[in-house]
Amino acid sequence: MSAWTDTLYELIVRTSTDLPEDAVARLRQAQAAETGPNAVAALETMLRNADLARARRLPICQDTGTILFWVRLPAGSVTQTEFSQAAQSAIAAATAAGVLRQNCVEAVTGRNTGNNLGYGSPVIHWHEEDRRDIEVALLLKGGGCENVGVQYSLPDAALAAGRNLEGVRRCALDAVVRAQGQGCAPGVLGVAIGGDRATGYAESKELLLRRLGERSPVPELAALEERILLEANQLHIGPMGFGGRTTLLDVFVGCRCRVPASYFVSISYMCWAFRRRRVFVRPGGVAERWE
């Protein structure tokens with residue numbers, strides 16, 4: 001395999017099997033705060049599962065999800081074709097090794113491609129930037145949490161939600177109530193304001209690359225993140241919907257420009273198995289630093 005293929009294979013393995021420490025820390029905090037036996041047992045199982053997955057280099061969850069890459073790089077450092085071919089080779093190898101489940105199904109025929117490759121898989125977001133290093137981030141987003149994502153068009157009379165941050169807050173809390181733990185709570189919300197229907201959802205997923213506890217640089221959005229997190233956890237939906245004090249681990253809010261006629265609020269939900277990793281790569285594909 002090429003250096004790029006080796007690096008991307010290792011990125012996939014780490015993302016699928018090794019829960020990031022910020023997620024583990026938040027789950028431990030949640031476990032310490034819970035008093036209900038069902039909530040405590042659910043969190044204990046999650047943490048035990050994470051330990052076993054890391055030790056045995058096996059997937060944290062049987063649904064290894066949609067494969068989403070974000071690539072940020074200086075112009076001319078690697079071509080999209082070269083990266084895509086290396087990613088496909090790494091994905092096929094990881095699927096054969098059992099690190100990824102055979103998870104790519106053709107929508108019309110229902111046929112499983114068997115190697116996680118096909119039109120639309122993987123998803124690669126490509127960003128050429130004024131920078132020196134190459135950064136590759138990977139998010140593995142399971143179907144359960146993807147299914148409870150939702151998009152609102154404001155104003156929304158049913159929620160009494162106007163075109164303002166109060167309206168966004170109402171949408172976010174409604175999304176949590178509607179999920180009722182089905183997204184494998186405690187989860188993380190990515191809330192994108194603006195954009196069109198496609199870019200709003202894309203933004204909401206990219207927000208999930210933040211570290212837990214990292215607040216928006218926009219003061220109004222940072223305050224909104226904290227308020228939604230507080231109020232969502234007061235709903236007492238709890239881990240896996242069993243009731244309790246921890247329904248969400250964090251909330252990330254971002255915004256894009258929009259056309260005057262549209263005001264979308266796009267919400268992506270990420271489950272407790274917060275599978276996201278990044279690697280910084282030297283030209284040629286050799287890994288330099290992991291996060």
Side-chain angles (χ1 to χ4, degrees), residues 1-20 57-60 63-107 111-143 146 190 195 198-199 201-211 254 256 268 270 274-291:
M1 293 192 293
S2 69
W4 267 110
T5 302
D6 289 341
T7 295
L8 295 179
Y9 180 85
E10 181 64 18
L11 178 62
I12 292 167
V13 171
R14 293 188 184 210
T15 307
S16 181
T17 67
D18 191 355
L19 193 63
R57 300 267 282 187
L58 292 172
I60 297 166
D63 180 5
T64 53
T66 302
I67 304 165
L68 300 121
F69 289 101
W70 282 265
V71 187
R72 301 184 182 279
L73 73 168
S77 54
V78 61
T79 67
Q80 294 188 50
T81 299
E82 182 183 1
F83 181 90
S84 179
Q85 290 175 346
Q88 290 177 28
S89 296
I91 289 166
T95 305
V99 175
L100 295 175
R101 182 177 72 175
Q102 296 178 359
N103 223 31
C104 180
V105 177
E106 292 180 347
R111 183 184 75 88
N112 194 306
T113 67
N115 59 3
N116 274 300
L117 301 176
Y119 183 63
S121 179
V123 178
I124 302 174
H125 298 280
W126 192 263
H127 301 280
E128 286 192 358
E129 299 176 344
D130 183 13
R131 59 186 298 154
R132 293 185 178 181
D133 60 350
I134 303 170
E135 175 187 332
V136 182
L138 174 62
L139 183 74
L140 297 179
K141 194 170 190 303
E146 180 69 4
T199 59
Y201 266 132
E203 182 76 17
S204 70
K205 291 180 180 178
E206 188 166 2
L207 289 168
L208 298 172
L209 297 178
R210 287 191 198 169
R211 288 187 61 82
R256 299 178 69 99
S268 287
M270 189 67 181
F274 193 28
R275 293 165 296 178
R276 57 95 171 84
R277 289 280 178 180
R278 53 169 47 89
V279 60
F280 295 85
V281 186
R282 294 198 297 268
V286 176
E288 188 170 50
R289 178 164 57 91
W290 298 90
E291 289 185 0

- Task: Mind checking side chain to side chain donor-acceptor pair (under 3.5 Å) for Asp133 and listing every partner two or more places apart, or none if nothing turns up?
- Result: Arg131
- Query: Closest approach of Thr64 and Pro59, non-hydrogen atoms and distance?
  - Reply: CG2-CB, 4.1 Å
- Message: So which atom in Val99 and which in Val13 form the shortest heavy-atom distance, rounded to 0.1 Å?
- Response: CG1-CA, 3.8 Å
- Side chains of Gln80 and Val71 in contact at under 4.5 Å (non-hydrogen atoms): no
- Task: Quick one: closest heavy-atom pair of Val136 and Phe69, and the distance?
- Result: CG1-CD2, 3.9 Å
- Reported CD-to-CZ distance for the pair Glu106 and Arg111, which is rounded to 0.5 angstrom: 4.0 Å
- Item | Leu209 side, atom CG; Phe274 side, atom CZ - distance, nearest 0.5 Å | 7.5 Å
- Verdict with supporting geometry, Leu73 and Val78, side chain to side chain contact (heavy atoms under 4.5 Å, CB included): CA-CA 8 Å; Leu73 73 168; Val78 61; 3.3 Å; yes
- Give the intermediate values and the outcome of side chain to side chain contact (heavy atoms under 4.5 Å, CB included) for residues Leu100 and Leu140. CA-CA 10 Å; Leu100 295 175; Leu140 297 179; 4.2 Å; yes
- Of all the heavy-atom pairs spanning Asn116 and Ile67, show the shortest one and how long it is. CB-CD1, 4.1 Å
- Check against side chain to side chain contact (heavy atoms under 4.5 Å, CB included), Thr5 and Thr7: CA-CA 5 Å; Thr5 302; Thr7 295; over 6 Å; no
- Message: Measuring from atom NE2 of His127 to atom CD of Glu135, what distance do you get when rounded to the nearest 0.5 angstrom?
- Response: 10.0 Å
- Is it true that a side-chain atom of Ser77 and a backbone atom of Pro74 form a donor plus acceptor pair closer than 3.5 Å? yes
- Item | Sequence-distant partners of Glu203, side chain to side chain donor-acceptor pair (under 3.5 Å), two or more places apart | Arg256
- Task: Just jot down the side chain to side chain donor-acceptor pair (under 3.5 Å) partners of Arg101, sequence neighbours excluded, or say none.
- Result: Gln62, Asp63, Asn103
- Supply the atom-to-atom distance Thr15 OG1 to Arg278 CZ, rounded to the nearest 0.5 angstrom. 10.5 Å
- From Thr17 OG1 over to Leu58 CG, what is the distance, rounded to the nearest 0.5 angstrom? 8.0 Å
- Item | Sequence neighbours excluded, every pair satisfying salt bridge (charged side-chain N to carboxylate O under 4.0 Å, His left out) that has a member inside residues 11-20 | Glu10-Arg14, Asp18-Arg54, Asp18-Arg277
- Message: Enumerate the salt bridge (charged side-chain N to carboxylate O under 4.0 Å, His left out) contacts for residues 73-94, please, sequence neighbours excluded, ordered by first and then second residue.
- Response: none
- Message: I'd like to know whether Phe280 forms a side chain to side chain contact (heavy atoms under 4.5 Å, CB included) with Trp290, so could you lay out the CA-CA distance, the side-chain angles of the two residues, the decisive distance to 0.1 Å, and finally the verdict.
- Response: CA-CA 6 Å; Phe280 295 85; Trp290 298 90; over 6 Å; no
- Message: Looking at every non-hydrogen atom in both residues, tell me the closest pair between Leu117 and Ala92 and how far apart they are.
- Response: CD1-CB, 4.3 Å
- Query: Which class fits the ring pair His125 and Trp70: parallel under 30°, tilted 30 to 60°, perpendicular over 60°?
  - Reply: parallel
- Message: Is the shortest side-chain heavy-atom distance between Asn115 and Cys104 below 4.5 Å?
- Response: no
- Item | Side chains of Ser84 and Thr81, donor plus acceptor under 3.5 Å | no
- Task: Mind checking side chain to side chain donor-acceptor pair (under 3.5 Å) for Ser204 and listing every partner two or more places apart, or none if nothing turns up?
- Result: Ser268
- Kindly say whether Lys141 contributes a backbone atom to a donor-acceptor pair with the side chain of Arg276 at under 3.5 angstrom? no
- Query: So which heavy atom on Leu68 is nearest to which on Lys205, and how close?
  - Reply: CD2-CD, 4.4 Å
- Short question: side chain of Ser16, backbone of Ile12 - any donor-acceptor pair under 3.5 Å? no
- Message: Could you measure the distance from the CD1 atom of Ile134 to the CH2 atom of Trp4? Nearest 0.5 Å is fine.
- Response: 4.5 Å
